[in-house]
Protein chains: 2
Amino acid sequence: MKKGQVTIKDIAKELNISCSTVSRALKDFPGISPNTRKAVKELADKYNYRPNAVALSLRNQRTNVIGVIIPETVHFFFSTVISGIEDEAMKEGYNVMICQSIESFEREADSIDALMSARVDGLLVDISRETSDLAHLQKVVEEGVPMVFFDRLVEGMNAPSVIVDDYQGAYDAVEHLIQQGCKDIAHLAGPGNLIIGRKRIEGYTSALEDNEMPIKKDFIVECRNGTQEEAEQAMDQLLASGKKIDGVFANNDMAALGALKSIKKAGLKIPEDIAVIGYSDWQFCSLVNPSLSSVSQPGYEMGKEACKLIFKEINKTNIEKSTIKILDTEVVVRESSNKLGVIQPLAN
Amino acid sequence: MKKGQVTIKDIAKELNISCSTVSRALKDFPGISPNTRKAVKELADKYNYRPNAVALSLRNQRTNVIGVIIPETVHFFFSTVISGIEDEAMKEGYNVMICQSIESFEREADSIDALMSARVDGLLVDISRETSDLAHLQKVVEEGVPMVFFDRLVEGMNAPSVIVDDYQGAYDAVEHLIQQGCKDIAHLAGPGNLIIGRKRIEGYTSALEDNEMPIKKDFIVECRNGTQEEAEQAMDQLLASGKKIDGVFANNDMAALGALKSIKKAGLKIPEDIAVIGYSDWQFCSLVNPSLSSVSQPGYEMGKEACKLIFKEINKTNIEKSTIKILDTEVVVRESSNKLGVIQPLAN
DNA sequence: AGACTTCGTGCAAACGTTTGTGATGAGAAT
DNA sequence: ATTCTCATCACAAACGTTTGCACGAAGTCT
């Protein structure tokens, strides 16, 4: 009695009936007398019986658990994704196992192994930066375990993905600056080796082209690390060069913050002289001075969508493996780019 | 062959030997001929055999999974805790199941049920704000499942806790202001019904007492919501009242931010005229202007400690159920309170 | 009274793994 | 030749649950 949680066996023994009867009584199967049914249910209630999910998993060959591999849990964006996954999973009666790869290939591979060993019903993975060898992921699809990628696109893998439209986000941001009256827009770009950064550059140039504005190579400055200081220096140089600049689209919010600093240092007004917009819509955007416009990425929604996709796969709804669900970003206008002074819906 | 992952049975069948032999061969048990051992291992390797953790859990009556209940994943502090838990758990070969309660009692109870059903080996819980009825937690201890509370203290429950020393953190913050030369320190307090807020008020008053400074009731202003706007208004009033104030200790960083705004608005200099320090050391502290001093809470460490405690319980190391592990906070000095201009170690 | 349904229940197998015990054979010791 | 000792393996049970099948008793129909 004192050891662990109550099982069907315990109930059966106490009532001098068989396990099968208890099982059927609990699930209101036909063919059980009302008396037995009542007795079983009362005892189950009294002892706080909870079905053993482990035993069920073994029998049903499905665990009702989905595994998540994510670079880190501590970044705002990632934590919103996790939140979305968790909410959606709970709604479907699933539990979530989370492993962080910390951008390490080895840890990613180990985590996949652990989750496969746990026989998760599906795998949601945001691949680590370090990962180029895809063998460990290949095994997953070979063994028939549903997998969905999110956030970072993985090419050459037979699994659906849900990502954010970086191209369009950048496009929208730049178009917003143009609408605010900016004529000479610089771009503090991300490292060129990341797809994500290239997509944003493309969005930037397309927006300029579509508005018949010239694309100047020297207006695109690469900021490799994406730190505030780096961007501040880059902006310092841009301003010092004497180029006429009245708008800045930064590849990320930290860089935008660096730009803000530099511009203020130069004695210019934001957004009147130079409007600034960042990317990611981190929490601090609304807290800095001036508050920072940014492009918000739908992390929560991404988590939910990835979850929905994996459920479809698990339930064998025939789903095109090459599906790529692209989620829309949203330009959140705050002081740093609001030259026209149009009132915006509360963005915080 | 095509269905799911390979099992010991599959290997046994292919080699025409029994499951037990395969099992023993894989684990290098004595009494297995080198030939058999080799054949088994090769096949296991070829088919990428992974032990079925579900079956193992059932047999061993332990899942190697710990469950975590946390209000939300999206807050910086919580996400650092999760990170700590995950790292420590992985180190011990455990997986982590996370459920967010979203501060809802009902969802907390449901999550506990789900995790108990999953037969987690231990439960790490940060109780929701809404929870006052502890019956669902009581059941957990009655059924002998190890449980450890973290972050928020739960009284009257027979389980260890790991928390942060709110009293000392507040004390240190105020003492820091005093060391910087502040004589008249106001406190933007949290809601009086939360233990956490009361502890900080105590720390505030004790620091003043120990430095033989008077405690003025009207220098403690309650900010119920903890929002920036609320704190800004409160600070406005304090300044308008004509009271001499040269230091502010805010119950949280948002409130501190409101104070900063108000003080700047009044044309006063920070920290020269008024020094400000917040609480929690959120990410944005180093990004605002002036950068905000704060009291950092060791979330990551808290996660690790909670994990270590639960492992001790799981392994029946006799551990005093009433253990309360109290973690130290740390004052992170930035511009908003650095009147003396002493160089501090990089706090970002 | 026999055959046939109906009701309530029990048996056994299965999911994958481990492990105590028992079986088989070969070779060594008597 | 008989017994004994290893070495090598197989069997079966157990973990908790579900479910197809069978079984006995009672009732219903001819």
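Note on naming: letters A, B, ... go to the chains in the order of the sequence lines (proteins, then strands), and numbering restarts at 1 for each one. All figures in this text were calculated on a predicted structure; none of them were measured in a lab. Hydrogens, waters and symmetry mates play no part in the numbers below; they use all other heavy atoms, side chains included.
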Check: According to a strict under-4.0 Å criterion, is Ser18(B) in side-chain N/O contact with OP1 or OP2 of dC9(D)?
Finding: no

Note to self: Can you measure Asn64(B) atom CG to dC15(D) atom P for me and round it to whole angstrom units?
What the structure shows: 20 Å

Check: Using a cut-off of 4.0 Å on non-hydrogen atoms, how would the nucleic acid contact of Asn35(B) be classed: base, sugar-phosphate, or nothing?
Finding: nothing

Check: If you check the Ile17(A) side chain, which of dG16(C), dG10(C), dT19(C) turns out closest?
Finding: dG10(C)

Next item on the list: Output the single nucleotide from dC15(D), dG16(C), dC9(D) whose closest atom is nearest the side chain of Gln61(A).
Entry: dG16(C)

Notebook entry, point to check: Got a donor-acceptor pair under 3.5 Å from the side chain of Arg24(B) to the base of dG20(C)?
Noted result: yes

Check: For the side chain of Ile8(B), counting heavy atoms from C-beta on, which of dT19(D), dT21(C), dT17(C) is nearest?
Finding: dT17(C)

Next item on the list: Specify the separation, in whole Å, of atom NZ of Lys27(A) and atom C1' of dT17(D).
Entry: 9 Å

Notebook entry, point to check: Hey, are Ser83(B) and Thr80(B) close enough side-chain-wise for a donor-acceptor pair under 3.5 Å?
Noted result: no

Check: Okay, side chain of Arg152(B), backbone of Asp126(B): is any donor-acceptor separation there less than 3.5 Å?
Finding: no

Item checked: Residue pair Glu143(B), Arg119(B): steps toward the salt bridge (Lys or Arg N to Asp or Glu O under 4.0 Å) verdict -> CA-CA 11 Å; Glu143(B) 288 170 27; Arg119(B) 299 303 195 261; over 6 Å; no

Next item on the list: Output yes when at least one side-chain N/O atom of Tyr49(A) is less than 4.0 Å from OP1 or OP2 of dT17(D), else no.
Entry: yes

Check: Does Asn315(B) reach the main-chain N or O of Phe311(B) with its side chain, forming a donor-acceptor pair under 3.5 Å?
Finding: yes

Margin query: Please determine whether any donor N or O and acceptor N or O are separated by less than 3.5 Å between the side chain of Ser20(A) and the base of dC11(C).
Written below: yes

Next item on the list: Check every atom of dT18(C), dT17(C), dT17(D) against the side chain of Ala55(B) and return the nucleotide holding the closest atom.
Entry: dT17(C)

Next item on the list: Quickly work out the Lys38(B) NZ to dC9(D) C1' distance and round it to whole Å.
Entry: 19 Å

Item checked: Nucleotide nearest Ser33(B) when distance is taken to its side chain, options dT8(D), dC15(D), dG20(D) -> dT8(D)

Next item on the list: May I have the distance from Leu58(A) (atom CG) to dA14(C) (atom C1'), rounded to whole angstrom?
Entry: 9 Å

Check: Of the nucleotides dT18(D), dC9(D), dT19(C), which has the atom closest to the Arg59(B) side chain?
Finding: dT19(C)

Next item on the list: Would you mind telling me which of dT17(D), dT9(C), dA14(D) lies closest to the side-chain atoms of Cys19(A)?
Entry: dT17(D)

Next item on the list: Just compare dC15(D), dC9(D), dG10(C) and give me whichever is closest to any side-chain atom of Lys9(A).
Entry: dC15(D)

Checklist line | Along DNA chain D (nearest heavy atom to each residue), the more 5'-positioned of Arg50(A) and Thr36(B) | finding: Thr36(B)

Check: With a cut-off of 6.0 Å (strictly less than), are more than 12 heavy atoms of other residues, nucleotides or ligands near NZ of Lys308(A)?
Finding: yes

Next item on the list: Mind calculating the distance between CD1 (Ile32(A)) and P (dC7(C)) to the nearest angstrom?
Entry: 13 Å

Check: What's the closest nucleotide to the Thr7(B) side chain, out of dT17(C), dT18(C), dG16(D)?
Finding: dT17(C)

Next item on the list: Give a yes or no on whether the backbone of Val54(A) and the side-chain of Asn52(A) come within a donor-acceptor separation of less than 3.5 Å.
Entry: yes

Next item on the list: Kindly point out which of dG10(C), dT19(C), dC15(D) is positioned nearest to the side chain of Ser23(B)?
Entry: dT19(C)

Notebook entry, point to check: Arg37(A) CZ to dC7(C) C1': how many Å, rounded?
Noted result: 12 Å

Margin query: Without decimals, in angstroms, what is the distance between Leu56(B) CG and dC15(D) C1'?
Written below: 11 Å

